[in-house]
Participant: 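My questions will all concern the structure given below.
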Amino acid sequence: MMTQTLTEATKAIVRATAPALASHGTEITAAMYKRLFENAEVRNLFNQSNQGEGGRQTKALAQAILAYAQNIDNLAVLTSAVERIAQKHVGLHIRPEHYPHVATALLNAIKDVLREAATDEILNGWGEAFWFLANILIEREGQIYNSLQASEGGWNGWRQFAVVSKRRESDIITSFVLRPVDGGAVISHRPGQYLTFRFDIPGLPPQHRNYSISSAPNAESYRISVKRETHGLVSRFLHDQVEEGAVIEVAPPTGDFHLPTGQERPVVLLSGGVGLTPMVSMLETIANDGRDVPVHYVHGAENGRVHAMGSHVRDIAKDREHLKTTIFYGSPHAQDQRGVHFDHDGLITVEWLARNTPIAEADFYLCGPRPFLAVFVNGLAKAGVPQDRIHYEFFGPADELAAA
């Protein structure tokens, strides 16, 4: 990936405009989205909830463009970010024909914000820089589309799935088991990956959301476990209105966060709240495969009312010495029994992990709220865990965790 080259003249333009991007990046990306969303087809490809919440998506894109400019002479450092973007684009069924809309919106936004400073030379340079990166994404996305289509049980785009089971896991988390309406097989996902959904809610444009698969691969069905968010349009719709028998449109599993085939090093599955969903998929997979890889499943929840799938996880680990589970409750209720429902009260800490897990040799897989990830992604690195052994997943715009 990224084996092509940009002209030196274009690199010079991008380097020279990096300070302007640092100062005006969010203005440019806000103007870009405003222009882009004038096209209803393109607008409906995006998760509109990310456009709110303090302009998270706008800030995230501004950071991404700035990172591109600042690393224009060493683009290899952006390879993992490109892979993450390509995986998300495939989930949303973004195709090559959508990229010209983005190019036009971005270049016009630069002109809107920088005004006379946006010379033809600068706009032409950024046009070349955009299409250089866009072509890399288009090529990688084409590879992913082809691989998904060629896989057993594979498909591209949207496929209809029926809800065959709806199970309440806690006061706020409910699981949905999904099987294809056409009765065919499904791709065996990589444990940790997610599904992208398109929901048709009356009175609203199509709504897109990503939910991690919370079951091991089985070629027949997928399970997702969804937290009911107080202001979550789709999560409330799922909890309150979607019942067994309902039909939902689903894109194939994607995502660059997953347990690799043939994992040999010890594994620490570290999660907070509903972040346990990909971890349960990984734990089930290792147990089903019969591998004796040492696994430490460490999860934090507020209390037993909101803790999902606790008994299921304990059952998986039962009588398997290489699978260890540890549960932390931040504020246990009176009915929460230590040694039965949880193991420690309070919060998980890096210091506890250093004392109780093979921190010097393990791969760490993390999923949880942004503050949780900020603590452990940075904390584990400071504790000496190499960056290539810290793997994490989150949804929404790619915030800079190091700044959290």
Side-chain angles (χ1 to χ4, degrees), residues 60 63 67 71 74 76-81 83-84 190-192 212 255-260 262-283 285-286 291-302 307 310 313 317 320-332 338 342-404:
Q63 290 172 356
N71 290 282
N74 185 25
V77 302
L78 302 179
T79 298
S80 61
E83 180 65 17
R84 178 180 290 267
R190 296 175 178 178
S212 292
D256 62 335
F257 173 77
H258 55 78
L259 194 69
Q263 172 78 35
E264 295 180 354
R265 286 193 293 257
V267 173
V268 178
L269 306 177
L270 180 61
S271 57
V274 75
L276 59 81
T277 52
M279 306 308 170
V280 173
S281 176
M282 293 181 185
L283 186 66
T285 300
I286 292 173
R291 286 183 277 175
D292 58 359
V293 174
V295 177
H296 292 257
Y297 176 98
V298 184
H299 179 68
E302 188 65 17
H307 180 204
V313 165
R320 290 184 171 98
E321 293 185 2
H322 64 293
L323 305 183
K324 298 181 179 179
T325 66
T326 307
I327 308 299
F328 285 75
Y329 280 180
S331 301
R338 186 190 300 272
F342 72 106
D343 302 290
H344 302 283
D345 55 14
L347 302 177
I348 307 166
T349 65
V350 173
E351 292 73 22
W352 185 91
L353 292 169
R355 292 193 307 268
N356 295 278
T357 68
I359 194 168
E361 55 184 356
D363 277 297
F364 283 78
Y365 293 86
L366 292 73
C367 189
R370 280 176 179 75
F372 177 93
L373 289 176
V375 166
F376 290 106
V377 170
N378 297 318
L380 289 169
K382 291 177 181 177
V385 180
Q387 290 289 346
D388 64 357
R389 289 201 278 109
I390 303 173
H391 319 275
Y392 56 92
E393 178 67 289
F394 58 92
F395 294 104
D399 296 327
E400 178 54 63
L401 295 177

Participant: Using the side chain to side chain contact (heavy atoms under 4.5 Å, CB included) rule, take Glu393 and Leu366 through it: C-alpha gap first, then chi angles, then the decisive distance, then the call.
Facilitator: CA-CA 6 Å; Glu393 178 67 289; Leu366 292 73; over 6 Å; no
Participant: Can you find a pair of side-chain heavy atoms, one from Tyr297 and one from Val268, that are under 4.5 Å apart?
Facilitator: no
Participant: Compare every heavy atom of Leu269 with every heavy atom of Met279, then report the nearest pair and how far apart it is.
Facilitator: O-CD1, 3.7 Å
Participant: State the NE2-OG distance between His391 and Ser80, to the nearest 0.5 angstrom.
Facilitator: 12.0 Å
Participant: Is the closest side-chain heavy-atom distance between Leu347 and Trp352 below 4.5 Å?
Facilitator: no
Participant: Once you round to the nearest 0.5 Å, how far does CG of Leu270 lie from OG1 of Thr357?
Facilitator: 8.5 Å
Participant: Please examine the side chains of Asn356 and Val298, heavy atoms only from C-beta on, and report whether any two atoms are closer than 4.5 Å.
Facilitator: no
Participant: Using 0.5 Å steps for rounding, measure from the CG atom of Leu259 to the OG atom of Ser281.
Facilitator: 8.5 Å
Participant: Is the closest side-chain heavy-atom distance between Phe364 and Val385 below 4.5 Å?
Facilitator: yes
Participant: Any non-hydrogen side-chain atom of Pro266 less than 4.5 Å from a side-chain atom of His296?
Facilitator: no
Participant: Heavy atoms, side chains only, cut-off 4.5 Å: are Ile348 and Val375 in contact?
Facilitator: no
Participant: Run the side chain to side chain contact (heavy atoms under 4.5 Å, CB included) test against Asn74 and tell me which residues pass, sequence neighbours left out.
Facilitator: Ala76, Val77
Participant: Short question: side chain of Arg84, backbone of Thr79 - any donor-acceptor pair under 3.5 Å?
Facilitator: no
Participant: Holding to salt bridge (charged side-chain N to carboxylate O under 4.0 Å, His left out), I want the full list of residues that pass it with Asp345, two or more places apart in sequence or in another chain.
Facilitator: Arg338
Participant: Quick one: list whatever passes side chain to side chain donor-acceptor pair (under 3.5 Å) with Arg190, sequence neighbours left out.
Facilitator: His258
Participant: Within this structure, what is the CD1-CG distance for the pair Ile390 and Asn378, rounded to the nearest 0.5 Å?
Facilitator: 8.5 Å
Participant: Parallel, tilted or perpendicular: which describes the rings of Tyr329 and Phe342, with under 30° parallel and over 60° perpendicular?
Facilitator: parallel
Participant: Which atom pair, heavy atoms only, marks the closest approach of Phe372 to Gly272?
Facilitator: CZ-N, 3.6 Å
Participant: Does some side-chain heavy atom of Ile327 sit less than 4.5 Å from a side-chain heavy atom of His307?
Facilitator: yes
Participant: Rounded to the nearest 0.5 Å, how far does CG of Leu380 lie from CD of Gln387?
Facilitator: 9.5 Å
Participant: Enumerate the residue pairs fulfilling salt bridge (Lys or Arg N to Asp or Glu O under 4.0 Å) with a member in residues 346-362, sequence neighbours excluded, ordered by first and then second residue.
Facilitator: none
Participant: For the atom pair CG (Leu353) and CD1 (Ile359), what is the distance rounded to the nearest 0.5 Å?
Facilitator: 6.0 Å
Participant: Please report the closest heavy-atom contact between Thr277 and Ser212, naming both atoms and the distance.
Facilitator: OG1-CB, 3.4 Å
Participant: Not counting sequence neighbours, which residues clear side chain to side chain donor-acceptor pair (under 3.5 Å) with Tyr365? List them please.
Facilitator: Gln263
Participant: With heavy-atom distances below 4.5 Å as the criterion, would you say the side chains of Ile286 and Leu323 are in contact?
Facilitator: yes
Participant: Got a sec, which pairs hit side-chain hydrogen bond (donor to acceptor under 3.5 Å, both in side chains) with one end in residues 265-276, sequence neighbours left out?
Facilitator: Arg265-Asp363, Ser271-His299
